[in-house]
2 protein chains.
Amino acid sequence: MAETANGVVSGGFSAKPATLRDVAALAGVSVATVSKALNGREHVRAETRVKVQQAAEKLNFLPNVLAQGLLSGRTGTVGLLTSDLVGRFSLPVMMGAEDAFGAGSTSVFLCDARGDGIREQHHLHALLSRRVDGLIIVGDTTNPRESLGQHLPVPVVYAYAPSLDERDMSVVSDNVGAGRQAVEHMVRSGRSRIAYIAGDKEFLAARDRAEGAVQALHQFGLPLMGDEVMYGAWTESWGRSSVRALIDKCPDIDAVICGSDQIARGVLDALRESGRTVPDEVAVMGHDNWELLATQARPPLSTIDMNLELVGRKAAQLLFAAIEGTAEPGIHSISTRLLARDSTARG
Amino acid sequence: MAETANGVVSGGFSAKPATLRDVAALAGVSVATVSKALNGREHVRAETRVKVQQAAEKLNFLPNVLAQGLLSGRTGTVGLLTSDLVGRFSLPVMMGAEDAFGAGSTSVFLCDARGDGIREQHHLHALLSRRVDGLIIVGDTTNPRESLGQHLPVPVVYAYAPSLDERDMSVVSDNVGAGRQAVEHMVRSGRSRIAYIAGDKEFLAARDRAEGAVQALHQFGLPLMGDEVMYGAWTESWGRSSVRALIDKCPDIDAVICGSDQIARGVLDALRESGRTVPDEVAVMGHDNWELLATQARPPLSTIDMNLELVGRKAAQLLFAAIEGTAEPGIHSISTRLLARDSTARG
DNA sequence: AAACGTTCCGAAAAGCTTTTCCTAGACTAG
DNA sequence: CTAGTCTAGGAAAAGCTTTTCGGAACGTTT
């Protein structure tokens, strides 16, 4: 690659970045003085400082953070290891974490293991080789996962999916509380004949949300219509078929709480097609606040937001504290937030 | 933080990672020998090599990639700068890139600028300080964006949203081709009275897709029903309202191509409610292959997949090549892929 | 026995920054 | 004028790895 007179190589980008030495040479001082001048240390004449700053400016000097890290033992990087990058749940968690770090001087390595243990080990290896200061492990479901172990050289926080090992730090969304919130909202809206259509029973999230709802119904002294939680799949078609069965069995329901917005969309469609009006005759709630689905429903869908950005943010904070030396092991639960839209308006 | 006998600090994670020196000391050789032994260099006796490997194993030694980078001038990292992390379009692109790199020994820094220029500069700064080998800039819409400029010390690839500067490398999805694909598919399915309902006209993607469709109709000598492309919003409600207007005006249409899956969902709902059967009387196509929306539609929605993972993968490949010294400037277009489901089955 | 080759290993430098310590010069005070 | 006090700036080491080069030990050949 030929080098031109101004130091630009032909690949279309400039030559290698300037170092302290280059700045020192240009300013006619030593590297030590440059370092002190640029970092605001004392023992530098104001005049010299200006001269150095101008030289640095001219060369587009940026300190090499890697070299700094070599010295300080801190790299200012963390690893974000997700098992499912496409998942629409892991993403907001990552966003929250990225955001919390991005404000400071920490950068985030992104790795997607695709739910593959081998790949996870590979990435873990790569991250540790890069001397990350800490790790956040983001799950794709709320099902607890194996711990990476206690032998790692850096602190680890598990987000969304908690670790099975209680010595680890985990941050999760409060699904049980969400179920309670849903029932309380229905009752406040004047409903008393409430059914629950859940997602896939294999998922802890499905069971937790339903359990919270059942607890709250019990507290209010209300029955669960249909007598039991209806588990199925996280799909619209499950919502449609299950609610048809439900109104056959209990024609007098006045509220349906769903384990997800997708299920709720199916429920809304099936109710409309069977001639029931929402919310006048039946109120419907979803879960997830999947905006494009919930706001475009007819009527717009009341739902529960898991505050996943907060989960991510909290994970980042815990990790940061642990890096500083004060770890807080255990499962940290983030409250959900109920969003009332038209589908649960007072009938 | 108190250190225990086995070298574990009380923060819950092990002490600082082992270095070459530690391994050398344990194996009773010099650091140079350890380096050669572990990297498969010659001039090491087999016996010594084994001894070193065992020592390294015992100490959980991982080479410090930062120190390696300091020497080689290559860090094995790239920056992924997105303007919208939540966007469901930028995400698959990132995934493809992460995947392409992840296979090798390159790690990805993730930064989200939130569409904010200041934040973008901040992140750019941070990434360059970390001496990334290259940058991928992922847009949130297909609208072209300002170039970061030609003065950066590393190569840059723009993905999804191309750079306005043709000296840059860009990778985009072929939206015009997608419009053509849609029409060709409709014609092959025996349709000839085709309308087009587009998204928001502010978006180049909306205009490109429509333009491709119009071109193809022209080639087939077919009319565009409704006489013009109907621009609106990327929402279900726009799909519902626009298709109602359309069938008022042209009751004899037999196909509707939509600018997105959301619009198509609205179209499907409105058609069903107005008594038209899909696909028997009218065929409907979407765009994006937003799986959870398309597969759960009634009937399942034919659509076009933008192959965004491929966009990301291609961006990674271009970047890698540029790092190696062979840049290929210009806009690289990735073909879309048509997915035929029931909504366009032969009538 | 002397000269020469191999083979294996270690010392040292390079890469970039920060920090500590030291020196040279300027100044003040006696 | 001498001794002492500051101050600005420089030299060097540390942090970790890789690579080059030189040296030691051993064996072979004349």
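Every chain is numbered from 1, with letters handed out A, B, ... down the list of sequences.
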List the residues meeting side chain to side chain donor-acceptor pair (under 3.5 Å) with N60(B), not counting sequence neighbours, and say none if there are none.
none
Residue set satisfying side chain to side chain donor-acceptor pair (under 3.5 Å) with N307(B), at least two apart, ordered chain then number -> R337(B)
In whole Å, what is the span from the NE2 atom of H43(A) to the C1' atom of dG9(D)?
10 Å
Which part of the nucleic acid, if any, lies within contact of S72(A), taking any heavy atom under 4.0 Å across all strands shown: a base, the sugar-phosphate backbone alone, or nothing?
nothing
Contact string for nucleotides 13-23 of chain C, one letter per nucleotide 5' to 3', B = base within protein heavy-atom range under 4.0 Å, S = sugar-phosphate only, - = neither, reads -BBBBBB----
Those residues at least two apart in sequence (or on a different chain) that pass side chain to side chain contact (heavy atoms under 4.5 Å, CB included) with S72(A) are R74(A)
From CD of E42(B) over to C1' of dT20(D), roughly how many Å is that when rounded to an integer?
13 Å
Set of side chain to side chain donor-acceptor pair (under 3.5 Å) partners for R114(A), sequence neighbours left out:
D112(A), D99(B)
R131(A): side chain to side chain donor-acceptor pair (under 3.5 Å) partners, not counting sequence neighbours
none
